[in-house]
Amino acid sequence: MLSRYTDTNITPVKAPTVASTPPSACADIPLPAVNWQAIGQTAPTPLEGDIDTHSLSTNGVPHADMILVTWTSAEWSALDHVMLNSATPRASDDIAWRQKWFSYFNDNTVNAYSEDSTSDLLFHFQLVGIINALGEQQRVLLVKSQVHLAHPPWIEGLESMLDTLFAHSGAKRIVSTGTAGGGSITDMLGAAIVTNMAKIDLEKPENDTCGYNHQTFRCETWFPSEVLYPSTQQSLMFAMDQVWNTDTIADAIEELNQGLNDDSDEAPDTSNTSASNVAYHYADLINAPLSPENLTHAQIKVAKDQPLLTTDFYYIEETERSSPYCFLEMDDAVIAHQAESAGLEYAFIRNVSDPIVATHTASGEPIPESVRGNWSGIVYSRCGFYSSFNSVLMSWAAIAGSD
């Protein structure tokens, strides 16, 4: 099942179809072109001409004022669309744009974009200029990470990538953007959330080398500008009911139930009989964060001094805590630790691609964890591409509104 835990490779993501009349007119919904003029702004300027693979092979990555890093294939496509190719719509299965990126390998070599699986690839990158509130161009290094806390080469690989970026780019700030699990029942599907705090909670033995497990980090010297959030939210961001509505939900529930039946047929598990013999319905699965009536407008949330939770396992909140995390993800607290060690400021701008999901059916029966995980993955696979558009736009607004 595709989720923000498994979507670490560079394969295209699945997008939903929407019913229309006639049914044969169904088609994937692309991300829209960005109408920057609607808020009196201009698109980021590609600085590909500043990237010379020959010089980079010895000098590392290009100089930048800020690093903007993302993690999954869905997030990467949204990042490229907003930052480099916003003039035209972006289909979910479009990957031709990747050829304009560059690849950085573990041996410190840089080449034009490569999918070479025989080499240790650390990250892909591009460079853009974003005009800030003072009219100055900020050089922003765009990064698609190929190393992750929850997968080989584990925390050592992630720390190494970050140290490489910090040492070679000269950046003073880093922002991580991407998908996340919801921490509150009030955080709707597609909500974009910003914070400056991160707590780490690791369980995998491969990450036992972490000397800062269970610690919380807070950037005390910087918090992203909020000045452009209202106009960006109102005029540019994506309303999730366009792709998560009565028709697409019915299809998603059918996918869940069919998957349960297939799993039961292929490998019956007497300990999970209740999961394989139950058909789930709209009333069982659609809570407030997934209700289309709550998704007619994009949501932005400023969560200053409210920590996110970083884990190395796929974690879904069951119920809202008395002091909830602002979101759940799988890399950011390592960024906080490494950034503090290197003297960089940091922030995290994520989107809720998989909100808190129901724990009980409409009749009060508990929903098994395996079913909740599958349902969460289905929501991500259908919506993460679109929700990522919102957090990238919020990241742009944070940079463009700064002074």
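Bear in mind that the values here come from a model prediction, so they are computed numbers and not experimental data.
Between H151 and W154, the two ring planes are parallel [angle under 30°; tilted spans 30° to 60°]. In this pair, H168 and Y104 present their aromatic rings tilted. The plane angle is within the 30 to 60° band.
Looking at K304 and Q306, their side chains never bring a donor and an acceptor atom within 3.5 Å of each other.
Taking the charged nitrogens against the carboxylate oxygens, R98 and D80 have no contact shorter than 4.0 Å, which rules out a salt bridge. Ion pairing between E220 and R218 holds under the 4.0 Å rule for side-chain N and carboxylate O. Ion pairing between E345 and K172 fails under the 4.0 Å rule for side-chain N and carboxylate O. Checked for salt-bridge contact, E255 and R382 meet the test: a charged N lies under 4.0 Å from a carboxylate O.
Qualifying side-chain contact (heavy atoms from CB on, under 4.5 Å) partners for E156, counting only residues two or more places apart in sequence or in other chains: T209.
Counting non-hydrogen atoms of neighbouring residues, nucleotides and ligands closer than 6.0 angstrom, the CD atom of Q215 exceeds 12 such neighbours. Within a 6.0 Å sphere centred on CD of Q37, heavy atoms belonging to other residues, nucleotides or ligands number 12 at most.
Put simply, the side chain of E340 never gets that close to the backbone of H337: no donor and acceptor are under 3.5 Å apart.
Nearest heavy-atom pair, V147 versus L121, reported as atom, atom and distance to 0.1 Å: CG1-O, 4.4 Å.
Of the listed residues (F385, F123, W97, F389), just one forms a ring-ring contact (aromatic ring centres under 6.0 Å, His included) with W76, and that residue is W97.
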